Protein chains: 2
Amino acid sequence: MDTRERLIESTRELLWERGYVGTSPKAIQQRSGAGQGSMYHHFHGKPDLALAAITRSADELRERARAAFDGPGTVAERIAAYLRRERDALKGCPVGRLTQDPDVMADPELRRPVEETFAWLTGTLAGLLAQGRAEGELHPALDPAATAAALVAVVQGGYVLARAAGSPQVYAQAVEGALALVLQQKENR
Amino acid sequence: MDTRERLIESTRELLWERGYVGTSPKAIQQRSGAGQGSMYHHFHGKPDLALAAITRSADELRERARAAFDGPGTVAERIAAYLRRERDALKGCPVGRLTQDPDVMADPELRRPVEETFAWLTGTLAGLLAQGRAEGELHPALDPAATAAALVAVVQGGYVLARAAGSPQVYAQAVEGALALVLQQKENR
DNA sequence: GTCTATACCGAGATAGAC
DNA sequence: GTCTATCTCGGTATAGAC
């Protein structure tokens, strides 16, 4: 991995662990093993480097979600697979976390990937839910957009609960609770 | 409002807006109108002041939730009232946000109020759900603890979605989606 | 209780040598 | 491309006068 690459990866880790305000150029340099001059040679500064890191994290999240959504099985199974996918609940969501970073939200460039990621995520999930409803797999009264928003929110909020409790268990509990509500519609249909 | 009080309130606002790492003593002094010496007279430093602010925010959250939970109406109505309560979705949760602050989570003293708040919240909500189930108001197969975790997560995650989208609408959508899933059980019973 | 002075360190970046 | 030197500012706190 070359220097530029190590800088981006180190920044991704630090943004995930400490957020934008909590991440200093010096910390990035130390973790990546790159020197001061090296970092400023490859990037214009902290925001520039952060943009590269955030964009990559957003892309990665999208790909992982797509893999579950496009996987095998019924709509319900694919949604369950997405929600139950192994996650490091205590670390939280590398993209969702940026939402709490005032400096990220204040910068349109840094903010865009975050905004687009969640728009895509809820939109895609809503499409999947609509499909499941059309195929009679889900309750006809189910609102795809609202349900999609609720499910994505459960994941993001599940991280909050897990971190607050200091245990990943609560995350799993929240997800199972939500899943039970969605899937139960099938049985009651 | 005396100086000490203004210091606490200003810190609460800043922690809410910018988090712990993003809040400097200087910023607190400016917002509260208190001088350097004044702040260090009333508090031992940033962590001490933050503890007072966090504790108060946690207490406040608890009281507001209790008001909804103990309000009039059926269990379903009280839960709906809690979820639909007016919230400043774009600002997020003053307590949940701290969960993303590495320095807060690393300090047991600062962390405790956060942990306790969510434990109480999910526990209380679970009790309410269990009551609703016992009284035949909710589906007998509903898991109170898991459902409570899911609902609290929807609120916390709803804030994330709202901030990502830059619009409070998404928050409302997520909450309504979750509520529809929970209440629908009643109709299908 | 509140003020000002002072101190030290890290954040964030630039300049120029190699 | 990478290194070191240097710069300026703000974060965080202490000391002592008033």
Side-chain angles (χ1 to χ4, degrees), chain A residues 1-56 97-98 100-111, chain B residues 1-56 97-98 100-111:
Chain A
M1 200 160 51
D2 65 1
T3 302
R4 188 189 153 85
E5 197 58 22
R6 288 204 316 278
L7 281 164
I8 296 179
E9 288 302 315
S10 298
T11 304
R12 294 216 300 148
E13 292 172 15
L14 284 164
L15 286 182
W16 197 358
E17 296 167 15
R18 307 197 39 84
Y20 185 83
V21 247
T23 297
S24 69
K26 176 170 293 191
I28 294 171
Q29 290 151 28
Q30 285 171 345
R31 182 166 302 205
S32 65
Q36 185 91 331
S38 203
M39 176 185 141
Y40 284 99
H41 170 74
H42 290 288
F43 298 94
H44 292 152
K46 182 176 164 179
D48 186 32
L49 181 43
L51 179 58
I54 292 174
T55 301
R56 181 173 297 182
R97 161 195 241 300
L98 300 170
Q100 303 297 329
D101 240 306
D103 292 4
V104 169
M105 292 288 109
D107 182 333
E109 286 225 79
L110 296 181
R111 185 211 172 98
Chain B
M1 200 158 55
D2 65 2
T3 302
R4 189 189 152 84
E5 197 58 23
R6 289 205 314 277
L7 281 165
I8 296 179
E9 288 302 316
S10 299
T11 303
R12 294 217 299 146
E13 293 172 14
L14 284 164
L15 286 182
W16 197 358
E17 295 166 16
R18 306 197 41 84
Y20 185 82
V21 247
T23 296
S24 70
K26 177 170 295 191
I28 294 171
Q29 291 153 26
Q30 285 171 345
R31 182 166 303 204
S32 66
Q36 185 91 331
S38 204
M39 175 185 142
Y40 283 99
H41 170 75
H42 289 288
F43 297 94
H44 292 151
K46 183 176 161 178
D48 186 32
L49 181 43
L51 179 58
I54 292 174
T55 301
R56 181 172 297 180
R97 159 195 242 302
L98 301 169
Q100 304 296 330
D101 240 304
D103 292 5
V104 170
M105 293 328 254
D107 182 333
E109 287 226 78
L110 296 181
R111 186 213 172 97

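Just so we're clear, the structure is a prediction, and the values are computed from it rather than from any experiment.
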- Message: Restricting to side chain to side chain donor-acceptor pair (under 3.5 Å), what partner residues turn up for B:R31, sequence neighbours left out?
- Response: B:E13, B:E17
- Message: Keeping B:R97 on the side-chain end and B:W16 on the backbone end, is there a donor-acceptor pair under 3.5 Å?
- Response: yes
- Under a 4.5 Å cut-off applied to non-hydrogen side-chain atoms, are A:T3 and A:R6 in contact? yes
- Message: What is the distance, to the nearest angstrom, from the NE2 atom on A:H44 to the P atom on C:dG12?
- Response: 18 Å
- Message: Quick check: closest heavy atoms across B:I54 and B:L15, and the distance to 0.1 Å?
- Response: CG1-CD1, 3.8 Å
- B:K46 side chain near D:dT12 phosphate (N/O to OP1/OP2, under 4.0 Å): yes
- Item | Pairwise side-chain contact, B:L110 with B:Y20, heavy-atom cut-off 4.5 Å (strictly under) | yes
- Sequence neighbours excluded, every pair satisfying salt bridge (Lys or Arg N to Asp or Glu O under 4.0 Å) that has a member inside residues 32-44 of chain B: none
- Query: Heavy-atom distance under 4.5 Å between the side chains of A:E109 and A:P47, does that happen here?
  - Reply: no
- Which letter, B, S or -, goes with each nucleotide of nucleotides 2-9 of chain C from 5' to 3', with contact meaning a protein heavy atom under 4.0 Å? BBB-----
- Message: At 10 degrees resolution, what angle do the end axes of the helix from C:dG1-D:dC18 to C:dC18-D:dG1 form when each is taken over five base pairs?
- Response: 0°
- Query: For DNA chain C, what residues of residues 8-25 of chain B have any heavy atom nearer than 4.0 Å?
  - Reply: none
- Task: Indicate yes or no: at least one non-hydrogen side-chain atom of B:R111 is less than 4.5 angstrom from one of B:L98.
- Result: no
- Does a side-chain heavy-atom distance below 4.5 Å link B:L51 with B:F43? no
- Query: How would you list all residue pairs meeting side-chain hydrogen bond (donor to acceptor under 3.5 Å, both in side chains) that involve residues 40-56 of chain A, not counting sequence neighbours?
  - Reply: A:E5-A:R56, A:E9-A:R56
